[in-house]
**Student:** 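Structure in structure tokens, see below.
Sequence lines set the chain letters: A, B, ... in the order given, protein chains first and strands last, and positions in each chain run from 1.
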Amino acid sequence: MVSEIRKGEGPKFESTLRTRSNTIYDEAVGCLRTGDKKETRKFLSVAQARTFMQTVAIAAKTRRFLQEELHTSIRGLFYQLKFTLGEDIDEDLFTEQGESNALIEDLEVALNVKREDLHLTTDRKGFVAGSMKIKDKFGGEETTIDLSRQGRSGWSVPSDVDNNMEIDSLDADFVLVVEKDALWQRLNEDKFWREENCLLVTPKGQSTRGTRRLLRKLADKKLPVYCLMDCDAWGWYIYWTIKTGSMNLAYLGRDFAVPEAKFIGVTMSDIKEFPFLEKLTIRAKDVDVKRAEEMMGYPWINRHKDWVRELKLVLKTRKKLEQDALQGERLTFVGEYIKKKIENKEWLR
Amino acid sequence: MAEDMFEQFREHSVAEFFKKNRQMLGFSGKVRSLTMIVHEFTTNALDACEEAGILPEILVEVEELDRNKDHYRMTIKDNGPGIPKSHLGKALGQMLAGTKFHRYLQQRGQQGIGAAACTMFSYVTTGQSTKAVTCHKGKRIVADIAIDFKKNKPVITVLEENSAEETGLTVTAEFKDVRYERSNYGVYEYLKRTALANPHCSITLVEPDNEQTTFPRSVEKNPNRPYEIQPHPLGLTPHDLLEFAKHSRENKRLSSFLQNTFARVSAAKVNELRELTPKLNFNKRPDKLTWDEAERLVKAFSQVKWIAPAMDSLVPIGKERVEASFTNIFNPEVLMVTERKPKVYRGGIPFMVEVGIAYGGGVSAAQKRGEVMRFANKVPLLFDAGGCAITETIKTMDWKRYNIRNFEEEPIAVLINLVSVHVPYTSAGKQAISHEEDVMLEIKNSVMEASRGIQRYISSKKKAHEIATKKKVIGRYVHQLSSDLASLADADAERIEKKLNKLIEERYVRRKEEGDSTENN
């Protein structure tokens, strides 16, 4: 850009287009990724001047973090860049965190790096318990964390599991991801992970980038990844984000997707086998129905016949089922349910 | 005794007739009546000054004597040639006795019913006589003019007679049943528009609250005098024809009357008329012409192919003059005035349309929004706007095409002057132009022509504003971007900033000159 300016040209940079039309499903890998369409961002354009300046400001700031070997959260970055442009200018560099968050994504795409590589962190949310040890180099110290000795709280997944962090030892046959923290706590108390020799993970709702990245790394170690979610719009969305990645972050591609993941429940078909669930169904909301209809339209979903069948059942009965229903009969029933599902390979892909 | 009663009755009836029929003469409504009075005296003054080659200077003073009784005193003073003693009574005291009747030329006075009607109006409403001070050819006469209703004759009492160096006429009269108002129909607006159409005159108005306004002269030369032409057959009504015929003493036959009185009527054309009206005797005395015959003749006129009347009988205000007076009175941000050739309507009546459109600047400051100022032969038309072809044309214009989003709310003032020896009025009130197809089309074309100029201005201004905005929007980010780029590339921030600013300057100034609107996204 500097040389462009010196040559008397307006500064610009090229970036992959992040529109929905440039989001494609990579069949070979089984994840969403961005297409080949590019766009050019220009400073000498009224519509783009402000975001252009902001993007460069983020770049300059993160370069300094890298030089100083320090990390900051995306919120921290926002606050560092939230200042007035000049004494005679009644405008701030950034006014809302939404602005900087979106531009961080732009910068990742344009530079083809992950934000974690730019020393930007996000809030932690996911938790893990199981027989795994992790070496964590942080703040000039190295600690080994034993995930089987974290008591009731579990190990909190950091936003960056790649830089200065590695798996020291791992002894598990599979990974179990449960949507809700409540269920994770139930299974943790039941020592499910020890009995079944698995890693027990909860993203606590939608997965953070750190959790998704961790699941990817575990899948790379040939561990099967089983997911237990609600049978509703939100549960499906969380599962598919883990499996194929989200459209918004499609540019992250395979690094953040786990196409091997399997959906073991809960499903509307479970009612047939466990009649007590019938009483615990809830009327599906409009958003659930709409989401089910949308999903049937996505090529990466409707290629799985068992999913189509399950979604049709939801649309027909207009009911949904939450994973907590599995504790309806007996608190410890859920463990039996999972074991049965995995043993009999009763899952949706 | 009986005769006395009859006399009384007659006296009474003239006054009653006037009272009952004064709407016909334009005295309808209190505000309108006052405007009509001012109209009569100022048009007389302007015509007299122009005829005598004097640059007009007019003073109008309105005094409120008793607002509750709608009682006012009006003084109208001009610097014209004045009136000789012998003509004083006729000019100010006898209805239909002016100098303009039966003169066929483009003249303001065509509109009026004369100053005498004002004298009568004053007398009927207040019982007071009108006072005149006239300075004519070195003589100054102060006179009192009353009206003898019995004889429809002025009664002049000379109060003073002495010598004077200046010239001019001052008329003072009291009126009731009138009202002073600063509305769109009032005296102020009337005089302002008169000044607009007559940049060679200087008009001062003193309002009842003693506020004095002068519309100064902006052109130091009187307009060319229109010259008298013979009426063209296509402009005549049966009534006109009868009037001319009645006063035709020198012609013994209808055929010679037609040839001698009207333009473009040759012996050959008379023969054509003969063929069209086989039953009509063209050898009869013209003053014996009947209404029915006149009607048939007028119908025949429209079937004959005539040579158009002389076009140079039309005297417009003129482009430079409109520009000067608009600048003088409104000082607008932008002004467009048309200058178009005369056209004809009804197959042969020449007319001309002048349009001036002023936008922004003084128009905004004067709080004027979508103002339409209609004129006929430079005389403002304030009333009956609803039925007027000019108003209609403005209303039906697609103003959005001219970058004027909402005509009624934009700071825009439009002057439209229709010039013709025969203005097609809708009614005897002479305040609205009738919907003549040819006239309406020409008005529309003229307004469109002027509007295009305004449009060009507004859009170039918009563009310039857009460019300036763009420059400003982008410019405010230069400093921050430069310092970040410098820190990323380990370069010199000041140099980058300088170079970027230069880049923006070049890019957006160049675009403005080229008028290039494509934003390079």
**Student:** Would you mind telling me which of B:Asp484, B:Val478, B:Leu485 has the largest number of heavy-atom pairs within less than 4.5 Å of chain A?
**Tutor:** B:Asp484

**Student:** Does anything in residues 91-114 of chain A reach chain B? List residues with heavy atoms under 4.5 Å apart, or say none.
**Tutor:** A:Glu91, A:Leu93

**Student:** Between chain A and each of B:His479, B:Lys502, B:Lys499, B:Arg476, count heavy-atom pairs under 4.5 Å; write down the option with the most.
**Tutor:** B:Arg476

**Student:** Relative to chain B, which segment of A:Glu9 carries a heavy atom at a distance below 4.5 Å: side chain, backbone, both, or neither?
**Tutor:** backbone

**Student:** Closest approach of B:Leu481 and A:Pro11, non-hydrogen atoms and distance?
**Tutor:** CD2-CG, 4.4 Å

**Student:** Measuring from B:Leu503:CG to A:Glu4:CD, what's the distance to the nearest 0.5 Å?
**Tutor:** 10.5 Å

**Student:** Within a radius of less than 6.0 Å around CD of A:Gln67, do more than 12 heavy atoms belonging to other residues, nucleotides or ligands occur?
**Tutor:** yes

**Student:** With a sphere of 6.0 Å drawn around CZ of A:Phe83, does it hold more than 12 non-hydrogen atoms of other residues, nucleotides or ligands?
**Tutor:** yes

**Student:** What's the separation between atom CD1 in B:Ile474 and atom CD in A:Gln48, rounded to the nearest 0.5 Å?
**Tutor:** 10.0 Å

**Student:** Evaluate whether atom OH of B:Tyr185 has more than 12 neighbouring non-hydrogen atoms of other residues, nucleotides or ligands under 6.0 angstrom away.
**Tutor:** no

**Student:** Got more than 12 heavy atoms from elsewhere within 6.0 Å of CZ, B:Arg456?
**Tutor:** no

**Student:** Surrounding CG of A:Asp123 (heavy atoms of other residues, nucleotides or ligands, distance under 6.0 Å), is the total greater than 12?
**Tutor:** no

**Student:** Tell me whether the count of non-hydrogen atoms from other residues, nucleotides or ligands lying under 6.0 Å of CD in A:Glu69 goes above 12.
**Tutor:** no

**Student:** With no hydrogens and no angle check, is any side-chain donor or acceptor of A:Arg63 less than 3.5 Å from a backbone partner on B:Ser487?
**Tutor:** yes

**Student:** Surrounding CD of B:Glu494 (heavy atoms of other residues, nucleotides or ligands, distance under 6.0 Å), is the total greater than 12?
**Tutor:** no

**Student:** Pick one of side chain, backbone, both or neither for A:Arg6, based on which atoms fall under 4.5 Å of a heavy atom in chain B.
**Tutor:** both

**Student:** In Å and rounded to the nearest 0.5 Å, what is the CD1 to CD1 distance from A:Ile5 to B:Ile496?
**Tutor:** 5.5 Å

**Student:** About how many Å separate NZ of B:Lys470 and CG of A:Leu44, when rounded to the nearest 0.5 Å?
**Tutor:** 11.5 Å

**Student:** Check ring pair (Phe, Tyr, Trp, His ring centres under 6.0 Å) between A:Tyr79 and all other residues, then give those that pass, not counting sequence neighbours.
**Tutor:** none

**Student:** Counting heavy atoms not belonging to B:Asp398, are there more than 12 under 6.0 Å from its CG?
**Tutor:** yes

**Student:** Under 4.5 Å from any heavy atom of chain B, what part of A:Val2 do you find: side chain, backbone, both or neither?
**Tutor:** side chain

**Student:** Given a strict heavy-atom distance threshold of 4.5 Å, which part of A:Arg50 is in contact with chain B: side chain, backbone, both, or neither?
**Tutor:** both

**Student:** Rounded to the nearest 0.5 Å, what separation is found between the CG atom of B:Leu488 and the CZ atom of A:Arg64?
**Tutor:** 8.5 Å

**Student:** Nearest 0.5 Å, what's the OH-CZ distance between B:Tyr477 and A:Phe43?
**Tutor:** 8.5 Å

